[in-house]
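Predicted model, so just to flag it, every value in this text is computed and none were measured.
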Protein chains: 2
Amino acid sequence: MAQSVRGPRERMVFSAAQLIRRDGVAATGMREVAAHAGAPRGSLQHYFPGGKEQLVNEAVDWAGRYAGKRVDRFLAALDEPTPGGLFAEMVRQWTDEYETAGFAGGCPVAAATVDCAESTASTRAAAAAAFAGWTGPVAAALTDMGVPEERAGALATLMISALEGAILMARAECDVRALTTVARELGPLLDAAVREAG
Amino acid sequence: MAQSVRGPRERMVFSAAQLIRRDGVAATGMREVAAHAGAPRGSLQHYFPGGKEQLVNEAVDWAGRYAGKRVDRFLAALDEPTPGGLFAEMVRQWTDEYETAGFAGGCPVAAATVDCAESTASTRAAAAAAFAGWTGPVAAALTDMGVPEERAGALATLMISALEGAILMARAECDVRALTTVARELGPLLDAAVREAG
DNA sequence: GGGCTACTATGACCGCTGTCATAGTCGGGT
DNA sequence: ACCCGACTATGACAGCGGTCATAGTAGCCC
């Protein structure tokens, strides 16, 4: 959330991600992004000669890297790392936001997928890369915890799928119920995967 | 998929759902819906005086009811119904579509949530209702299979969350991998819930 | 037939969007 | 002083969006 005082370019990418996750790609205007970033409108065509497509792709990319880095921070925060604990932490990031800031925003990668998967190939690819850059660290964390390598990837996919779906339901219902539910139900399954291996 | 030769009104709702799940709500135009439904443009304001908002809401509603009914049909197709089998069937509907028709479409309810949750309260509510009308039958089916009532709802939420998330990932990756993965990983957990109870 | 309702058919309007074109400013190098 | 690159600033444009207004047609009841 801290946007620091980075260059205007980075601020615009960040703002784009924020607006996209709130309103979707199509409903987010370029002028709006510039205004939100406090950047001059003219900078858009300067920094993003590829137009909206480029800006959206970079926003998706940014979101993917952010999610990946976030995983490492979660791991550092857990004194006894378990798969279920990691998942609970991932979910808690969202319940915290929804409880303090309201249900305004979803996942920008999900928004890009829904809005652009069919129409804009490059954005679809960016979304796939973002998911990959998120699943990777999660899977790596699972193997570090003792989950067999061949299952770590699958469980990481399951975790992120369940999380994304629960985000959708939570936003629709304006209730974190779905999020807490998937965390509670999936936790034991995830922890069992390390016990089996040990 | 069989649209039969229902009235133009129903055809437009159906077409709206189809276009929304492909391109998102914002990118779907009213004129486009009419054209896709083979309906006259003038009928839009006749049948949907509430404008696009009403049309979208009805499309979401339709999708929710369709998903709910679909559950019953899945149950009828399974000779020995198990939670994991039901989930596998739900997932298979999507893998089948993606393998035969390509990754063009997602879930219209997810699209409506992403595009309208913040901007259009009534559509957000329609999406919540659609999720409820989908989760309900699934939970009921689980209790019929012997899952304790207090867990059936939670597992239904987990199933739909995982499915929705996997749909997103599958579309982004143009690969059914995520779908088959969640089906494989979640199946045993779901089946265990009935065994525990018995 | 007259009239009424349901539905269809267009055309126009206004707002907004992404993009282009053009020109301006600013700072540094030489 | 000069130039040049990076960046900013506007204005215009063409297209498309949803919506309104208005008029036309079809069928049915009395």
Atom pairs under 3.5 Å: protein N/O with N/O of nucleotides 15-17 of chain C:
none

Salt bridge flag under 4.0 Å for residues A:E58 and A:R9: yes

Nearest heavy-atom neighbours spanning A:Y98 and A:G105: OH-O, 2.7 Å

No-hydrogen, no-angle side-chain donor-acceptor test under 3.5 Å, B:E97 and B:Q93: no

Sub-4.0 Å heavy-atom contacts from residues 115-123 of chain A onto DNA chain D, ordered by number: none

Residues which pass salt bridge (charged side-chain N to carboxylate O under 4.0 Å, His left out) with B:R151, listed by chain and number, not counting sequence neighbours: A:E185, B:E196

Nearest-0.5 Å distance, CH2 of residue A:W134 to OH of residue A:Y66: 11.0 Å

Minimum side-chain heavy-atom gap B:L75-B:L86 below 4.5 Å: yes

Worked check of side-chain contact (heavy atoms from CB on, under 4.5 Å) between B:L186 and A:L158: CA-CA 8 Å; B:L186 221 47; A:L158 174 60; 3.9 Å; yes

Please list, for nucleotides 3-7 of chain D, all pairs of protein and nucleotide N/O atoms separated by less than 3.5 Å.
unit_1: D:dC7; atom_1: OP2; unit_2: A:H46; atom_2: NE2; d: 2.8
unit_1: D:dC7; atom_1: O5'; unit_2: A:H46; atom_2: NE2; d: 3.4

Nearest heavy-atom neighbours spanning B:R11 and B:G38: NH2-O, 3.5 Å

B:L155 side chain reached by B:P83 side chain, heavy atoms, under 4.5 Å: no

Electrostatic pair B:R171-A:E164, nearest N-O below 4.0 angstrom: no

Side-chain heavy atoms of A:D115 within contact of B:V25, under 4.5 Å: no

Return the polar atom pairs (N/O with N/O) between nucleotides 20-28 of chain D and the protein under 3.5 Å, or none.
unit_1: D:dA21; atom_1: N6; unit_2: B:Q45; atom_2: NE2; d: 2.8

Set of side chain to side chain donor-acceptor pair (under 3.5 Å) partners for A:T157, sequence neighbours left out: B:R177

